A.B. asks: 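First the structure, which I've put down as structure tokens, then a few questions once you've had a look.
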Amino acid sequence: MSIYDTLNDKQKEAVFYKDGPLLILAGAGSGKTRVLTHRIAYLIEEGVNPWNILAITFTNKAAKEMRERVNNLVEYGAESIWVSTFHSMCVRILKRYIDKIGFDNNFTIYDTDDQKTVMKDICKRINVDTKKIKERALLAEISKAKNEMITPEEYEKENASDFGKKKYIEAYREYQKQLKKNNALDFDDLLVKTVELLRSNGDVLVHYQERFKYIMVDEYQDTNTVQFLLIRLLAGNNGNICVVGDDDQSIYGFRGANVTNILDFEKYFPETKVIKLEQNYRSTQMILDAANAVISNNARRKEKSLWTENDEGRKLVFKRLESDWEEAEYISDEISAYIRENDCSYSSIACLYRTNAQSRILEEKFVRDGIPYKIIGGQNFYQRKEIKDLIAYLKAVDNGKDDVAVKRIINVPKRGIGATTINKIDTFAQANNLSFYDTLLNENALAVLGRSASKIQPFVDFIQKLRAQIKYESISDIMEKILNETGYLDELKAEGTDEAKSRIENIDEFFNKIVDYEVRNEKPSLSEFLDEISLIADIDNLEKDSDYVVLMTIHSAKGLEFPKVFLCGMEEGLFPGKAVLYSNSDKELEEERRLCYVAITRAMESMTITCAMRRMSKGEMQYNAMSRFVKEIPGHIMESDIYMGSSSSGRSVSKDSGSSNISGRISKPTNNSSAKAILRTRAFDTKQYTVKKQQVLEYGVGDTVKHTKFGIGQVTNITEGGRDYEVTVEFVTAGTKKMFASFAKLKKV
DNA sequence: CCATCCACGTTTTTT
DNA sequence: ACGTGGATGG
């Protein structure tokens, strides 16, 4: 028996097609990940050195899973395959070679927040009225240019005649200048600079071309122009490049994804072999029919027809509710019923929606009903204020040129350094071409500042001290000093509010993550840690076997599957969104429809679609019609208790069913702010469902234990912290380490 | 320099 | 409804 026996003919064909460009058009649920992993296994079997294989996935989570699955298929070597996202691959390359194009190798990565901070500054400097042109708009335009690999100079040339673009031109130029000065790259730059590097340095290019003899790209329909240029460079002109994608699932047009990449792949690589995977293994016939019906309304697509040997399954269910609250109520009840009837875990269920804002009301209802849930997306853990503060400290220690980081924390906690002082420092920095932090070290500058200089001194001393210490102390030690010696933690503790408590818990969690990183890596470094966390997406934290319902946007759900899917908020103006309706653009409407297609094809067995007749949004009541996408699903495969064609105004139907809302919700605490506060903090605290606290340790002080990385050691101390045990172990080879029990996974020997 | 109060806009989706 | 950010007074 071979590992390939379970593949169908088409899949086998793709797996065994070893050399030359290969385009796999893989419909939803057609087993493309299986094909990719088996193909990697096959390559290795055929004598390809795993070291020569590059696999690019869309998320870190997908990368991790792919590595695990390959690991299960091959005897050895899986660890030396490069499996990563575009962005982390670029970071890895740039950290080694970016000095060749004029940056320091320890550059920092700016997230959207940091970008905004920089842009706000620039707007002030170049006199842009941010009420007329928003930072967001400027950044969006810049991002668009970068995705097309357009430099500030080229952008200027292209738009020289356009008066309206004048400020955009200036902003783009200044923005890049500032980033360079800060030794920072934004997400788009990671890709752009990598292409720049490879184009201008033949030896580096050759190095990577020789290394990556076999390249695979997953979710190819969502790549943008820079990414395409990048893989084309790496693959060389006739390389072994295999891309997998589905044009019907292209949903990232808004961030520059270029569908022509997949539609025209054969043009760029003339000898391309094309294989279509059309058998679906995931969903029931009914679900597939619904998905096919919806997507067939799109004009511009590669023809393909998905089919399945799976059961017909149950009809889809469509339910229209009075309000968003009742929609949440309905979903909550249905979840309980589904769990009862099918005797399955909560993790078989996902609630999908178009916008993150929709999660709120579901969350509120789930908290009340005690349904375990996890929200993916929205604000990422690392974007929380307190976490960003701490990261800024670490960045300040790591890269003194990062003005954004230094400015963020110079007065956090309060040191009596206000806007006036910061402006003075800025002016001096500009005049003397110094970074913000270096200005603080400059004697002349301090002289200019007079009295405030004395307030700055302790801060500078502190950072300088940490910089010296990071060379021989661990990141967690440094973090501990930041928390304690700045008074950051004390300040929060003194506050004592629920919010402060939840912040402290987040800080705790962050500390755990640092320790976890240190335990996982042979030679942990602050820079590497910072890189890693800046590229983490929320979806990467989704654990497979935890028992909770998952709430997320359809975008986040790409690539996932669930036995039971709820698709909610199916209303005109929400999905498809208002912007799309106003723009009147077929192209954008088709992308929304593809999004709907993605949503439906996540479901394996059962699908429930809901919408609300009225819903609160932005503080006012919104009355929405049912989404056109619902109408595109044929009536005979969908249970529904309303006339599909009806356009009745919300009022007429609501009369009698409205009586239920008083008796049904006795404990409704709408005006009770303390009850709300409790909800809020509990909402914040996702840990109650996600962290498994290790109750009893199987070892004690004096025992000999084994750690996967550090080897054998002796336990010298155990202290019980708030949520976990902190264990001190003296390792034979690795020295003494402090670690949290739940992460370290120590085994008694 | 800091705390407080009010006005405003904000949300489409993410690495 | 909510948070941000600007203006004002202490």
Side-chain angles (χ1 to χ4, degrees), chain A residues 56-63 84-91 109-113 115-116 120 130-131 134-136 140 143 146-147 185-191 219 222-224 226-227 250-257 324 352-361 364 376-380 382-383 385 411 413-424 451-452 455 499 531-540 552-558 569 573-583 588 591-592 594-596 598-599 615-622 670 673 676 680:
Chain A
I56 298 172
T57 58
F58 201 68
T59 63
N60 294 300
K61 177 172 174 277
S84 73
T85 62
F86 270 107
H87 294 269
S88 26
M89 172 179 76
C90 290
V91 170
I109 302 166
Y110 279 174
D111 68 9
T112 324
D113 262 12
Q115 294 185 57
K116 247 198 213 147
K120 212 184 212 157
T130 52
K131 291 212 170 86
K134 275 173 257 166
E135 297 96 328
R136 278 196 76 88
S143 176
K146 287 182 180 177
N147 284 326
L185 268 64
D186 64 21
F187 288 132
D188 299 321
D189 281 338
L190 293 174
L191 302 159
E219 306 285 8
D222 288 319
T223 52
N224 60 33
V226 200
Q227 290 167 332
S250 160
I251 55 175
Y252 280 94
F254 70 91
R255 75 168 195 213
D324 48 356
L352 308 183
Y353 35 77
R354 176 69 239 267
T355 65
N356 279 307
Q358 291 168 257
S359 66
R360 190 133 221 156
I361 196 152
E364 222 174 281
I376 305 286
Q379 205 192 26
N380 177 324
Y382 296 102
Q383 291 167 343
K385 183 183 167 296
N411 199 30
K414 299 263 179 309
R415 299 185 176 89
I417 305 167
T420 325
T421 312
I422 290 176
N423 278 336
K424 277 187 201 156
R451 215 156 34 96
S452 341
K455 294 177 180 165
E499 201 201 315
D531 295 341
E532 199 178 292
I533 62 175
S534 42
L535 294 177
I536 285 179
D538 215 21
I539 191 79
D540 296 332
M552 62 189 149
T553 62
I554 304 165
H555 282 92
S556 299
K558 190 173 76 152
L574 192 59
F575 189 24
K578 259 199 202 76
V580 173
L581 295 182
Y582 290 146
S583 77
E588 285 174 48
E591 178 149 323
E592 294 280 297
R594 288 194 293 271
L595 198 54
C596 182
V598 169
R615 95 170 41 236
M616 268 306 227
S617 103
K618 295 174 203 166
E620 61 180 326
M621 194 60 80
Q622 213 89 50
T670 31
S673 62
K676 264 181 149 178
R680 176 86 29 77

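Model, not experiment: these values are computed from the prediction. The sequence lines fix the lettering, A, B, ..., with proteins before strands; numbering per chain opens at 1.
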A.B. asks: Need to verify one output field. Residue with the more 5' nearest nucleotide on DNA chain B, Leu595(A) or Arg415(A)?
C.D. replies: Arg415(A)
A.B. asks: Test your reading of the model: is there a side-chain donor-acceptor pair from Asp531(A) to the backbone of Ile109(A), 3.5 Å cut-off?
C.D. replies: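 The answer is no, because no donor-acceptor pair under 3.5 Å joins these two groups.
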A.B. asks: Under 4.0 Å, counting only non-hydrogen atoms across every strand here, what does Gly416(A) touch: a base, just sugar-phosphate, or nothing?
C.D. replies: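 Since only primed, P, OP1 and OP2 atoms lie under 4.0 Å of Gly416(A), the category is sugar-phosphate.
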A.B. asks: Please identify the 5'-most and 3'-most nucleotides of DNA chain B with any atom under 4.0 angstrom from a heavy atom of chain A.
C.D. replies: dC1(B) to dT15(B)
A.B. asks: Among Val91(A), Ile56(A), Thr57(A), whose side chain to side chain contact (heavy atoms under 4.5 Å, CB included) with Thr85(A) holds?
C.D. replies: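 So the option named by the test is Thr57(A).
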A.B. asks: Can any side-chain N or O of Arg594(A) pair as donor or acceptor with the backbone N or O of Ser250(A) at less than 3.5 Å?
C.D. replies: yes
A.B. asks: Have a look at Lys578(A) and say if it touches a base, only the backbone sugar-phosphate, or nothing, with a 4.0 Å heavy-atom cut-off.
C.D. replies: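 If one applies the 4.0 Å heavy-atom cut-off, Lys578(A) turns out to touch nothing in the nucleic acid.
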A.B. asks: Would you indicate what Ser556(A) reaches in the nucleic acid, counting non-hydrogen atoms under 4.0 angstrom: base, sugar-phosphate, or nothing?
C.D. replies: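 Contact class for Ser556(A): sugar-phosphate only.
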A.B. asks: Check every strand shown and say whether Asn411(A) touches a base, only sugar-phosphate, or nothing at a heavy-atom separation below 4.0 Å.
C.D. replies: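 Sugar-phosphate contact only.
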A.B. asks: Which residues pass the ring pair (Phe, Tyr, Trp, His ring centres under 6.0 Å) test with Tyr110(A), sequence neighbours left out?
C.D. replies: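 Once residues adjacent in sequence are excluded, Tyr110(A) has no partner under the ring pair (Phe, Tyr, Trp, His ring centres under 6.0 Å) criterion.
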A.B. asks: Just call it for Asn356(A): base, sugar-phosphate, or nothing, with non-hydrogen atoms closer than 4.0 Å on any strand.
C.D. replies: sugar-phosphate
A.B. asks: Glu592(A) or Ser88(A): which one's nearest nucleotide on DNA chain B is closer to the 5' end?
C.D. replies: Glu592(A)
A.B. asks: State which residues pass ring pair (Phe, Tyr, Trp, His ring centres under 6.0 Å) with Tyr353(A); sequence neighbours excluded, sorted by chain then number.
C.D. replies: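 Tyr353(A) satisfies ring pair (Phe, Tyr, Trp, His ring centres under 6.0 Å) with no residue once adjacent residues are dropped.
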A.B. asks: Phe86(A) near the nucleic acid: base, sugar-phosphate alone, or nothing, with a heavy-atom cut-off under 4.0 Å?
C.D. replies: nothing
A.B. asks: Who are the ring pair (Phe, Tyr, Trp, His ring centres under 6.0 Å) partners of His87(A), not counting sequence neighbours?
C.D. replies: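 Partners of His87(A) under the ring pair (Phe, Tyr, Trp, His ring centres under 6.0 Å) test: none.
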A.B. asks: I'd like to know if the side chain of Asn356(A) reaches the main chain of Gly377(A), judged simply by a donor and an acceptor atom lying under 3.5 Å from each other, with no hydrogens or angles considered.
C.D. replies: no
A.B. asks: At under 4.0 Å between heavy atoms, what does Thr59(A) touch on the DNA or RNA strands: base, sugar-phosphate, or nothing?
C.D. replies: nothing
A.B. asks: Could you list, one pair per line, each protein nitrogen or oxygen that sits under 3.5 Å from a nitrogen or oxygen of nucleotides 4-9 of chain C, together with the distance?
C.D. replies:
from   : atom 1 : to        : atom 2 : distance (Å)
dG5(C) : OP1    : Lys120(A) : NZ     : 3.3

A.B. asks: Within the side chain of Glu591(A), is there an N or O that forms a donor-acceptor pair under 3.5 Å with the backbone of Gly253(A)?
C.D. replies: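 Between the backbone of Gly253(A) and the side chain of Glu591(A) there is a qualifying donor-acceptor contact (under 3.5 Å).
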A.B. asks: Whole angstroms only, please: what is the NZ-P distance between Lys618(A) and dG3(C)?
C.D. replies: 17 Å
A.B. asks: So what does Lys558(A) hit on the nucleic acid, given a heavy-atom distance under 4.0 Å: a base, only sugar-phosphate, or nothing?
C.D. replies: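 If one applies the 4.0 Å heavy-atom cut-off, Lys558(A) turns out to touch nothing in the nucleic acid.
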A.B. asks: Could you work out, with side-chain contact (heavy atoms from CB on, under 4.5 Å) as the rule, every residue matching Lys455(A), not counting sequence neighbours?
C.D. replies: Ile417(A)
